[in-house]
Structure formats: structure tokens, C-alpha cells
Amino acid sequence: MRGALRILLRTIAVILTICLSCVVLTGCFTGSLLLVDLIRERGGSYYEKLSDRVYDKIRQTIVGRAPIGDAAAQLDYLNRSLNEMRDAQLQTDEMLLAELDSSAYTLEEPLIVVNPYGLAPLSAVMLFQTEQPSRIGIHIAGDTPLTEVDYDFSEVTTCHIIPVYGLYAGRENVVTVTATEEGNAPRKVTHMVQTDPLPDFLAHEDVRTELVDEAAYQPGFTFTYQGNNVQVSKAALDANGYYRWCLDMKVNEFLRYANYAANYNGANSVFLCVGNRYHGVAGILEVNLLGKLLNAWYSPYGVHHDIEVTGDTLWVTGSVSNENRESLVYALDRKTGEITAEIDYTNVLQRYRNQTQHYPEIDNFYSFEDWCHMNTVAAHGDSLIISSRHQSTMACSDQQGNLKWMLCDPQDYFPSFQRYILKPVGDGFTYFYTQHAPEVLPDQDGDPDTLDILLFDNGDFRVPDAQKASRMVQYRINERAMTVEQIWSYGDGVNETYSYRHGDADLLPNGNRLGSFEPYDEKADLRYAYGVEVNAEGDVVWECWRASTDPAHWYGEYRLERLEIYADSANDLLLGVPATLFMPEEDGK
Amino acid sequence: MKRWMCVALLLAVIMGLTACGGGKEVKDSDQSRFTWQIELRNSEVKASLHTDEGVQQYDGEVLNVAHDNAPSEGNVFLILTLTINKSAVGGGGFDWTKLSVRDEKGNAFPRMADDSFLSSHTYHRLQGTKLQIGESKGSICFEIPEGVSKGHLRLEYDAGDEGVNTIAIQ
């Protein structure tokens, strides 16, 4: 008995010794792992914080109103960001093409990738092969017939890369694809495509629409130029006020600092800009509706209000310096990235004219640095037409800056300018003030000596005692007679839609006009966007009110455009084709 | 005889201890078995989320905006940062409805239907729609009872014919 007890005690002692040894060994091992993790974490965090601190400063520099810091560092940041974006997207393309080449996907079971580049959450790409060469048609169901999307692709092939645009957010969308082979009946297959909820910046919006005359509505989507804060993004609404396309630039650390100057280029692509709004390093990016980067150009002059796309040239408004802002127009060759023309309107217009001096009760937005505040450049043949908000002047010149005519209130212009100023003729003529977005219209009267311009007249200090009102207005200019006639207007005397800034007026293909107002409700301390489509008689066809419910998105609407979401020349998604970056080398060349 | 009894007793005790200790361990699945391979890079339990964001306005002023999100009472957020990689072409997409967090009792918790608020808190949120290609890195959020968050959890993805992909959540 005593012997058995002794054996048991010895056994227990051995076991305890073994267990204790294991614990000690394990503890040492685990402790060392923790120590390694701690060092790695601390080291990694430090590195990340350092990078954040450095690049936060650069980002603020790029976003800020005046450049601070080193332009070389800004250019480096721009270069690296563009290269990273291009390389990441090329990787995505390679994966998509590998999937397509696997022959695993058919019309009945395609590969549908929603938001392949992470920037366009309401868009997708569909990949599949057909046994025979086929032409594809696509139908995206809408809540109403007017909001459906139908498009037929022209290519006849067996390998199909189909962009899917116009999806609703947060839903299973019904997408029907039709394949037509020669000699055979079309095959139709319906797919359900799930999307994420609206991105934050659009989810915090209150949108109301009123479709007054459905038959008169110009078909298409209303593309917006939203934002006056760093979460600017591009989006498109349907007639019922649902967002059916957007670029969510907040998800991209580089693009989230884009400013609102853009060009939708007829929905063939989207031109965006990042960088200094005034003088300094800036980049102009061209992306397709999926957010894939196609091209990028460098500018040392900043980009603020406008990018005009004409053939192989981008005409851009910029700044000669921060002491003389937004008086520069320059031309970028899209194929080479070279700046081929620069017109400093300091040498063209009257630099020291201060139109606000007569109206002391008005907030004096005029400043010596921002005397011009050019917000539009429009190419018209060999001429350029610019809009200077702070001079309430539209001026036409050749591409060397030689004035042809000016449309403006002649008050305070020197005698040397008076001979360029168009003389009003006809009844009911009223000058515009602090205007935006003049657009040259197609020939309206068959007279080669005239051109019609439609613009948004903000209406600041038209007459000091008058009720402020903003309007869309169309003028007919006779360039031979040097006269101007007011042809049409909408919004006169309506104080509720007075917009002290921003604004747009577009002629639509059906003859209606689309206006973009940005009124301010003083009682509610709320700025909102008001879009309106009117016919030639001024009857409202469609209205849309948008306001932000989130103080992070203090609202701004710069312009609106009505476009079809599919454009014939944009159907090639260029998978596997890297973006072309027209960026200078390190030495600035 | 006594020596043999000692050795036998020792072996029996050691085997018994091993059997008892191994029951609660979750073995991570061998990722090479799966088309969709999952790497859990980080896990966090948060009672609530608060982030201050500086938003620059048109006039250059910076507006400070606070973002606040909280789970339902009694719950916490479990935020997982993942890398999900498709290792071969073809096959189906990565279906979030087949992903869940499972506790020791076998209760399954799905990803939140809308965890887009993560983007407001500096997380790079993984899209809520099916993943179809390549490598996706980002964070997703689950809402789970606070008590559950203190126990052993595992992430499970039902990969159909390939089986269940399991990863222990530390």
C-alpha cells in the first residue's frame, strides 16, 4: 500500500514537472511572438502616421486655395497616385480578361462584376462568350417606361465585354440581355444584378422631382456637377429623381480631393481635375463611366471652373499666379500633353475695373487677386468665348487674345473698350450680371452673321433696388453689326430661385432648356439645387429639388446636363489598355 | 512491475490532458483547398464608432463633422479586416450570404446588411455585392451580442462542394 502511494506521488510529481516545463516554454514562445508583433505594429503605425502627416500636408496643399509647400512634392504625389491607379486598374483588367478567356461564361451564365474599379457603384461589366458571332442588346428595367435604359451594341463578336449602366442603388436590378445571331431568332436572358446602397454623399440627400409633362421631357439622365467640398463626386439622376450612375471618389484617397470642374463629354467619358484650384500643380483626368482611367494630363496653372473639350484640344481655365487668379485660358493638346496656347486675359480685359464699387450694400466679392473669376471658356470656330463673373462680361477673342466683341454692361469700361461692346437692340433687353456657363447654340436663324448664346444670368446687382432674380437668357449676337438682341429668358423676377453663384443653362435636343439654379433659403439656412426643364414658351416640363440632410455635404450644384447614359463611341471599355499619363519627368520637362 | 505501472499511469494522464485541452481549439482551414481564399488580417470589437472629419467648404473653411454609429443595445460591432483572393478563374462569386461569424454554441451571425458607415470611420469597406475577381482587401462589420464577443469565435464561409472555410477569430 505504502509502495503504491509512493508510486502515485512520484507519478504526479513527474506530470507536474512536465506540465510546468510546457507552460514555461510556451510562455517564452508566445511572449516573443507578442514582442515581435508589438515592434512590427509600433513600427508600422509610426510609418503610417509619418506618411499620413506628410501627405496630409500635401493633400491640403493640393486642395487648398493657395499653394503651400513644395510644388515638386505635389507633382510627386500626383505622379505616384496616377501610376498606382493605372497599375491597379490594369491588374483588374487582366483578371477580367483571364476570366473571359476561360470560356466559363455564357449568355445564360455570364460573369457580372459590379463596380470593377471600385469607383462606380451603380455600374457593372458583363463578360461572356457566344458560340456564334452575335450582336448584343441590353435593357435595364426602370420604375417607369421613361426611366428604362435600352441600348444596342454595334459590334458583332463571340467575346462580349458589355458595360452595364443605369443600375438602381441597393436593389436587385433586372437586366435583360439579347443576343442576335445572323439567321437566328434573338435569344433573351434576364439577370438579376444586386448593387450596394447609395454612397454616403448621395444617401444624405433629400430629392424631390415633379414630372409635369412626360411627353415633352427630353429623354436621358440629368448629370450633375455636385459639390463645393472635398467630397465632390459626379452623378446622374433619372426623371423620377433616382440616382442611376455615380463616381464615388471618396473611396479613392487621391480622387477624393478632386474639385468640381469637370466635363461629361457627351457621356463618352468624364473629365475630372485634381490639384490646385488656383495657380499650381494640377492634373486633368479622363475616365470612362466605370471609373477606368483613360488619360491624365499635367498642368502647372491649376484648374478651377471649366474644361472645354474640342477635338484634340482641352481648353482650360486657370491662373497665372495666386496674386492674379482665374484670368488665364490655356490649351492642352490631348495627344501630347503639351500646353499649346496661353491667353492671359489680364492683357485683354480691363484689369482694374470694379463693378461692385457702385453698390456698397452688396457683399463685395470682387478682389484685386480675383478680379476676373473666369468660369467658362467656349470654343467657337477659331474664336474663344470666355465668361468673367467678376466683370459680368462675356468676351470673344481669337486664340491669340485679340478681342472681337464684348457682351456686358459698358459702365466703367475705358473708352478703348467701348468699341468692342455690343450695342443692345430690340425690346426687353437686359444685361446679365455675375453670369455662368455661356454656351454657343447651333444656328437658330439661318443668318451666317449671327450666333446665339444661352447662359445663366445670376443677376447680382442688376439694379440695386430691384428684387434679385436669376434667369436663363438667350442672346443673339450679330458679329457684323456688333449688336445684341435678347431672344428668350426664363426666371425673370423670381426671387425664390435667385442664385448668387453657380448656375447653368443648356439647350436640349428637343428644343427645351435645362436650367440649374442654386437658391439659398435664408429661413432654413439651407442652400439647395433646383433643376428645371422648360419648353420654349417657358412652361415647366420637369423640376427637381435636391438638398443635403448632412452638414458634411453643405450643398453645391455647379451645372447640369441631360445625356443618354450610353454613348456610341464609349462602348469599348479598353480592358488591358493602360492609361496614358502625360506627366512631366522629375526635372519638370 | 512498479515501473510499468508508473509509465502506464503517466501515459494515461498525458493522453487525458491532451484530449481535454484540444476540444476548444479551432483549426484554420487550409486555404489552398479553396477557390476563394480568406486571410483575416485584423479583428476589432467596438462598442461604438466615432470619427471627426474635416470637410473643406467652398470658401476654404474647414467644417468639422462628427460621424457616430452604434449597434443595438446589448450588441457590439465586430469589425474584421480581410484579404479575400480568388485563386483560379471560373467558378462562382464570393457570396457574402454564405459568410458568417459563429460562436461556441454554433450560433451564426451574418455580415450587416448595410455596413457602409465603415467608410466614414476611415475603414476601407469591402463592397456588399458579390466579389467576382481578384484580390479584395478591406473591412466588414458584424453586429453580435456583447457576451458572444468575449468567447471563441470563428469565421466560416460555406464554399459549397469545397467545404466550409473556417478561420479562428483571435
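Per chain, numbering begins at 1; letters A, B, ... match sequence-line order.
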> Any side-chain heavy atom of A:Asn115 within less than 4.5 Å of one from B:Thr129?
Replying inline: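 No, too far: nothing below the 4.5 Å cut-off.
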> Within a strict 4.5 Å, meaning less than it, do heavy atoms of the B:Asp114 and A:Asp196 side chains meet?
Replying inline: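 When only atoms from C-beta onward are counted, A:Asp196 and B:Asp114 do not touch, as no gap falls below 4.5 Å.
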Smallest separation among heavy atoms of [X] and [Y], with atom names:
X	Y	result
A:Ser102	B:Val89	CB-CG2, 3.6 Å
B:Gly90	A:Ala104	CA-CB, 4.1 Å
B:Ile133	A:Glu99	CG2-CG, 3.7 Å

How many angstroms lie between [atom1] in [X] and [atom2] in [Y], if you round to the nearest 0.5 Å?
X	Y	atom1	atom2	result
A:Asp248	B:Ser119	CG	OG	7.5 Å
B:Glu135	A:Thr92	CD	OG1	10.5 Å
A:Ile112	B:Gln132	CD1	CD	8.0 Å
B:Lys86	A:Met95	NZ	CE	10.0 Å

> Does a sphere of radius 6.0 Å around CD in A:Glu109 hold more than 12 heavy atoms from other residues, nucleotides or ligands, not counting ones at 6.0 Å or beyond?
Replying inline: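 Atom CD in A:Glu109 is not packed in, count stays at 12 or less.
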> For A:Gln91, does the CD atom have more than 12 heavy-atom neighbours from other residues, nucleotides or ligands under 6.0 Å away?
Replying inline: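 At most 12 heavy atoms, drawn from other residues, nucleotides or ligands, come within 6.0 Å of this atom.
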> Between B:Ala88 and chain A, which part of the residue has a heavy atom less than 4.5 Å away: side chain, backbone, both or neither?
Replying inline: backbone
